[in-house]
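Here's the structure, in structure tokens; my notes come after.
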Amino acid sequence: MSLQIPHREKSNGAGGATKAVILVGGASRGTRFRPLSLDVPKPLFDVAGHPIIWHCLTAINKVPSIHEVYLIGYYEESVFRDFIKDSSSEFPNLSIKYLREYQALGTAGGLYHFRDAILKGRPENIFVLNSDVCCSFPLNEMLALADAKDAEAVILGTRVSEEAATNFGCIVSDPHTRRVLHYVEKPESHISNLINCGVYLFSADALFPSIRTAIKRRTDRPRLGSYRSSENLAASFIADDDEDSAKNEVIRLEQDILSDMADNKQFFVYETKDFWRQIKTAGSAIPANALYLQKAMQNGSKELAAPSANLIQPVFIHPSATVHPTAKLGPNVSIGPRATIGPGARIKESIVLEDAEVKHDACVLYSIIGWSSRVGAWARVEGTPTPVTSHNMSIIKNGVKVQAITILGKECAVGDEIRVQNCVCLPFKELKRDVANEVIM
């Protein structure tokens, strides 16, 4: 079947129909998000009082021309059922559907597999968002840039430090025209400190032919560079005789599509000066929580708790949570449903998940307290602050690399007067002694 769409007329304004796709990954991914992803898929983990993916939908809802959103991943259908039901009533203008891949097809492979559904109704543009990024999602601005330049693709970029840049896809662009001249995924040496934010806008008639070309090239001539890295191997290992054809099906936007698009003249970058973080490890939920709460405060959100002597904004407290008036919270704290915070407790730069309890006079700093976990009286659970600009959530303590953020998995218990510092604690563990710089299994 031919996917050629008649060349679009240049629309005035963001008039043409636009669709959005959110890439949510699958159960074999998110291993770096453990122990939190053991109990909830990463896209549904609550940051600033809402699932990570909800923040993407909120931004999509602000684009007038988008009425259809597809979540593409390889989780079971049941995983997103409740979320989609709740979101459909919260965002009545959006039709939200989950499309399940039969196996990991890669970021572009999943899009291509569901091309018929995405192209139905002939959308002019397609937004593609990775669900694990935290930013202000300037989608309307990207649409305006695409329109002004008659672009086939616009990528969201941001500046990071030179040391951090090589961990991301790097973009070389013309400073005047904003055209992308060169794109390299995780280069070995320094190329540019302008990096890929994982948010893209494609014209419908450019995206799928580009993927088709990549698939054809892969089938005709398997490239040496196309074998997956070790972190992806486990996620897409197919114990099948037909392994080569399976390998050919994994097509990734970053490695296989974007560098080719840079050779094309109509690929542009919109550089955001606003915040941006990747939510890869479990600890990175803490800076993401802080950024989303600060943005909510700047926007005058009614969801945040009102400031008081014992409340340093921004703080999100779920209506069903119980916080004692003498407890001191903030800044950058989220308290989940039915959580209980006792008298004299101090919580700062942390997430307390649903049904957790922090007893009287306990102190929780730079930590995530898991579902139904308990922090005893006068206990101290703490991580280490990392610079806001740092994209690395691990620190070196006594020559050993440890997580900066302390994480208690589901139903952990910290005894009275116990100190837990820079630890990751797997679910259902009870801590009866002081621990530091450990993974408690």
Side-chain angles (χ1 to χ4, degrees), residues 20-33 42-43 56 70-75 99-115 118 126-133 152-157 165-171 180 182-188 191 195-202 204 206-238 243-264 267 269 278-280:
V21 173
I22 303 175
L23 304 172
V24 295
S28 57
R29 304 295 266 224
T31 51
R32 284 182 285 179
F33 204 68
K42 183 165 77 167
C56 302
Y70 295 106
L71 315 182
I72 296 183
Y74 48 103
Y75 290 102
L99 303 175
R100 186 184 175 196
E101 300 171 31
Y102 57 92
Q103 68 186 52
L105 296 173
T107 43
L111 288 168
Y112 194 71
H113 184 67
F114 294 112
R115 60 192 180 277
I118 296 168
I126 296 158
F127 274 108
V128 178
L129 289 75
N130 282 297
S131 63
D132 61 354
V133 296
E152 293 184 340
V154 174
I155 183 171
L156 184 67
T166 51
N167 298 320
F168 303 99
C170 293
I171 303 163
V180 176
H182 190 46
Y183 178 86
V184 184
E185 183 66 20
K186 295 183 181 155
E188 288 176 16
I191 287 178
I195 62 154
N196 173 3
C197 290
V199 179
Y200 316 101
L201 171 63
F202 297 105
L207 174 60
F208 295 106
S210 299
I211 302 176
R212 199 191 302 111
T213 306
I215 292 172
K216 189 171 186 308
R217 185 177 58 228
R218 177 75 62 86
T219 321
D220 295 350
R221 182 178 55 87
R223 294 181 312 161
L224 286 172
S226 68
Y227 294 97
R228 294 177 292 286
S229 65
S230 57
E231 87 184 37
N232 291 345
L233 260 174
S236 45
F237 180 71
I238 321 286
E243 201 175 313
D244 276 344
S245 71
K247 195 173 280 169
N248 284 339
E249 281 181 38
V250 176
I251 301 284
R252 293 156 304 173
L253 271 177
E254 297 77 16
Q255 286 90 330
D256 301 316
I257 310 295
L258 296 181
S259 50
D260 282 356
M261 281 195 162
D263 300 337
N264 175 326
F267 182 21
V269 57
Q278 204 172 19
I279 307 175
K280 276 287 184 236

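With sequence neighbours left out, the side chain to side chain donor-acceptor pair (under 3.5 Å) criterion links Glu254 to Thr107, Tyr200. Qualifying side chain to side chain contact (heavy atoms under 4.5 Å, CB included) partners for Ala108, counting only residues two or more places apart in sequence or in other chains: Ile211, Ile251, Leu253, Ile257. Qualifying ring pair (Phe, Tyr, Trp, His ring centres under 6.0 Å) partners for Tyr183, counting only residues two or more places apart in sequence or in other chains: none. Among residues two or more places apart in sequence or in another chain, the side chain to side chain contact (heavy atoms under 4.5 Å, CB included) test is passed with Glu101 by Ile72, Tyr74, Leu105, Phe114. Residues that satisfy the side chain to side chain contact (heavy atoms under 4.5 Å, CB included) test with Cys56, not counting sequence neighbours, are Ile22, Leu129, Phe137. Taking Phe127 as the reference, nothing meets the ring pair (Phe, Tyr, Trp, His ring centres under 6.0 Å) condition, with sequence neighbours excluded.
Between the side chain of Ser131 and the backbone N or O of Leu23, at least one donor-acceptor pair lies under 3.5 Å. Looking at Arg115, its side chain does come within 3.5 Å of a backbone N or O of Tyr112 through a donor-acceptor pair. The main-chain N or O of Asp132 is never found under 3.5 Å from a side-chain atom of Asn130 such that the two would form a donor-acceptor pair. Between the side chain of Lys42 and the backbone N or O of Ile279 there is at least one donor-acceptor pair closer than 3.5 Å.
Counting all heavy atoms, side chain and backbone alike, Gly106 lies closest to Arg252 at CA-CG, 4.1 Å. When all heavy atoms of Ala104 and Val250 are compared, the pair lying nearest together is O-CG2, 3.5 Å. Scanning both residues, Val24 and Pro43, for their nearest heavy atoms gives O-CG, 3.5 Å.
Here the side chains of Ile118 and Ile126 are in contact, with some heavy-atom distance below 4.5 Å. By the 4.5 Å heavy-atom criterion applied to side chains, Phe267 and Leu258 are counted as neighbours.
To the nearest 0.5 angstrom, Leu71 atom CG is 8.0 Å from Leu99 atom CG. One finds the NZ atom of Lys186 at 14.0 Å from the CD1 atom of Ile191 (value rounded to the nearest 0.5 Å). Here CZ of Phe168 is found 10.0 Å from CD of Glu185. Values are rounded to the nearest 0.5 Å. Atom CZ of Phe202 and atom CD of Glu152 lie 11.0 Å apart (nearest 0.5 Å).
Screening Ile155, Leu207, Val154 for a side-chain contact (heavy atoms from CB on, under 4.5 Å) with Leu201, the sole residue that qualifies is Val154.
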side-chain contact (heavy atoms from CB on, under 4.5 Å) evaluation trace for Thr213 with Asp260: CA-CA 10 Å; Thr213 306; Asp260 282 356; 5.6 Å; no
